[in-house]
Amino acid sequence: MRRFLSLLSILFFVTLITFFMIDLAPSDSAEMYYLSKGITPSEEVLNQTRHEMGLDQNIALRYVNWLKDVLHGNLGYSYHYGQDVNTQMLSKLPNTLKLAGFSFVIVICFSIPLGIYSATHRKSFLNQILKGTTFLGLSLPNFWLALILILVFSVKLNLFPVISGQDFKGLILPACCLSIPMICSYTRMIQNALLEQLNQDYVVGLKARGMSSKEIYVHHVLPHVLTTLSSLLGLSIGHLLGGTAIIETIFSYQGLGNMVIEAIRYRDYPIIQAYALYMALIYVCVNFFVDFLQQVLNPQLRRVRHEKEIKN
């Protein structure tokens, strides 16, 4: 329950900070609403529109009113898209979840086998190539990688569309841009976690008892690594969702990230605030689930936490 309440407080502070940071923008929704239509409004018209949008109120009062509406399930009305924010967000959310989920599967399928291979073949020539590749992959900005992939596979080879659709073929390039840096990062993390476990005394004891290397890896080493890996993968989901904004914009992929970039351009405050709330909510729920999963995988964590609660 304490964990759940702490996560709720995180959600509150995320929305609070986002709301006040948005107010620091040099222009507002009323001004951008007219400019986007090619209209130069008079000051009187601007003031009237600001009053209709509630932008002439004190920022603290606006936040309290917004929070009351959120608690009733109302995220406001989008000035730019001309419809309810919930409707707009829910129309784009499945596309972003599809892209993030596909990227997550790619990260899992590649990073775990590569990490295990790197830890078990430290002195091999292929491992040296793998090390150099992971260093290179970590140093490449994903927006630059996206442009290179478009140039090579879309423009030169004509294998994938430049503008990504919702089909499987349209997901491949943006998913690669999101997953490649994470594969490189998690390959090294898994390798380090495996090497740390292999240097433990219990591994030496198991080898002395005559247990095969395969049994040691499968039944003893990997379960310890999975506990560490579960927390890292939980964080990666938040990273994937947050990292989709630039990639979706480059590939013109119709997801939440592309939508919020456009909303920022037009100062569509309700969309920006709702996006921050959605991302924070997903991130908090994933971390809550990972925290629960870690205690299931590692009973020692349950004992330690129980002892702390008794002392408190």
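Keep in mind that this is a model prediction, so the values were computed, not measured. Below, all heavy atoms of this structure are taken into account, side chains as well, without hydrogens, waters or symmetry copies.
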*Mind listing the closest non-hydrogen atom pair of Q197 and V203 along with its distance?*
O-CG2, 3.2 Å

*Measure the shortest side-chain to side-chain distance between R62 and W66 over non-hydrogen atoms and say whether it is less than 4.5 angstrom.*
no

Let me check something: any side-chain donor-acceptor pairs from residues 257-265 under 3.5 Å, sequence neighbours excluded? List them with distances.
unit_1, atom_1, unit_2, atom_2, d
N258, ND2, Y253, O, 3.3
E262, OE1, Y81, OH, 3.4
E262, OE2, H80, NE2, 2.9

*With hydrophobic residues grouped by side-chain heavy-atom distances under 4.5 Å, do L136 and M182 end up in a single group?*
yes

_S179: which residues meet the side-chain hydrogen bond (donor to acceptor under 3.5 Å, both in side chains) condition with it, sequence neighbours left out?_
none

*asked:* Could you measure the distance from the CG atom of L8 to the CZ atom of F12? Nearest 0.5 Å is fine.
replied: 11.5 Å

*Determine the minimum heavy-atom distance between S154 and P161, stating which atoms define it.*
OG-O, 3.5 Å

*What residue among D268, D84, T87 forms side-chain hydrogen bond (donor to acceptor under 3.5 Å, both in side chains) with S78?*
D268

*Please identify each residue that fulfils side-chain contact (heavy atoms from CB on, under 4.5 Å) with L93, with sequence neighbours left out.*
L90, L97, L256, Y278, I282

*asked:* When you group the ILVMFWY residues by side-chain heavy-atom contacts below 4.5 Å and let the links chain together, are I150 and F168 in the same group?
replied: yes

_Heavy-atom check, side chain of N95 versus side chain of E248, under 4.5 Å_ = no

*When rounded to the nearest 0.5 angstrom, what distance separates CZ in F251 from OG1 in T249?*
11.0 Å

*Between K131 and R122, is there a donor-acceptor pair closer than 3.5 Å when you use the side chain of the first and the backbone of the second?*
no

*Linking I/L/V/M/F/W/Y whenever their side-chain heavy atoms sit closer than 4.5 Å, directly or via other members, would V70 and I17 fall into one cluster?*
no

*In this structure, are over 12 heavy atoms from other groups packed under 6.0 Å from I163 atom CD1?*
no

*Contacts of type side-chain contact (heavy atoms from CB on, under 4.5 Å), residue N199, not counting sequence neighbours*: none

*List the atom of C184, the atom of T133, and the distance in Å for their closest heavy-atom pair.*
SG-O, 4.0 Å

*asked:* Are V64 and I22 linked, directly or through intermediate hydrophobic residues, by side-chain heavy-atom contacts shorter than 4.5 Å (ILVMFWY only)?
replied: no

*Roughly how far apart are L145 CG and C177 SG, rounded to 0.5 Å?*
4.5 Å

*Taking the side chain as C-beta and beyond, is there a heavy-atom pair between H121 and L130 under 4.5 Å?*
no

*Nearest-0.5 Å distance, CD1 of residue I250 to CG of residue L173*: 11.5 Å

_side-chain hydrogen bond (donor to acceptor under 3.5 Å, both in side chains) involving S212 - partner list, sequence neighbours excluded_ = E215

*Is it possible for you to say whether I129 and F135 belong to one hydrophobic cluster, with membership spreading through side-chain heavy-atom contacts below 4.5 Å?*
no

*Would the number of heavy atoms belonging to other residues, nucleotides or ligands and lying under 6.0 Å from CE of M211 be above 12?*
yes

*Under 4.5 Å between any side-chain heavy atoms of V152 and L157, yes or no?*
yes

*Taking everything shown except Q128 itself, do over 12 heavy atoms lie less than 6.0 Å from its CD?*
yes

*asked:* Within this structure, what is the CG-CD1 distance for the pair L5 and I10, rounded to the nearest 0.5 Å?
replied: 11.5 Å

*Distance-only, no hydrogens or angles: does the T18 side chain make a donor-acceptor pair with backbone N or O of T15 under 3.5 Å?*
no

Can you list, pair by pair, the side-chain donor-acceptor contacts under 3.5 Å of residues 101-118, counting residues two or more places apart and other chains?
unit_1, atom_1, unit_2, atom_2, d
S103, OG, L99, O, 2.8
S111, OG, V107, O, 2.5
S118, OG, N127, OD1, 2.7
S118, OG, Q191, OE1, 3.4
S118, OG, Q191, NE2, 3.2

*Under a 4.5 Å cut-off applied to non-hydrogen side-chain atoms, are L71 and K68 in contact?*
no

*asked:* Just so I know, are the side chains of L138 and S185 near enough to count as touching, which here means a heavy-atom distance under 4.5 Å?
replied: yes

*Out of curiosity, I271 CD1 to Q83 CD, how far, rounded to the nearest 0.5 Å?*
8.0 Å

*Kindly assign one of parallel, tilted or perpendicular to the pair Y63 and F19, based on the angle between their ring planes and the thresholds 30° and 60°.*
perpendicular

*Please answer whether the main-chain N or O of G82 pairs with a side-chain N or O of Y77 as donor and acceptor at a distance below 3.5 Å.*
yes

*In this structure, which one of L149, I247, I183 forms a side chain to side chain contact (heavy atoms under 4.5 Å, CB included) with C176?*
L149

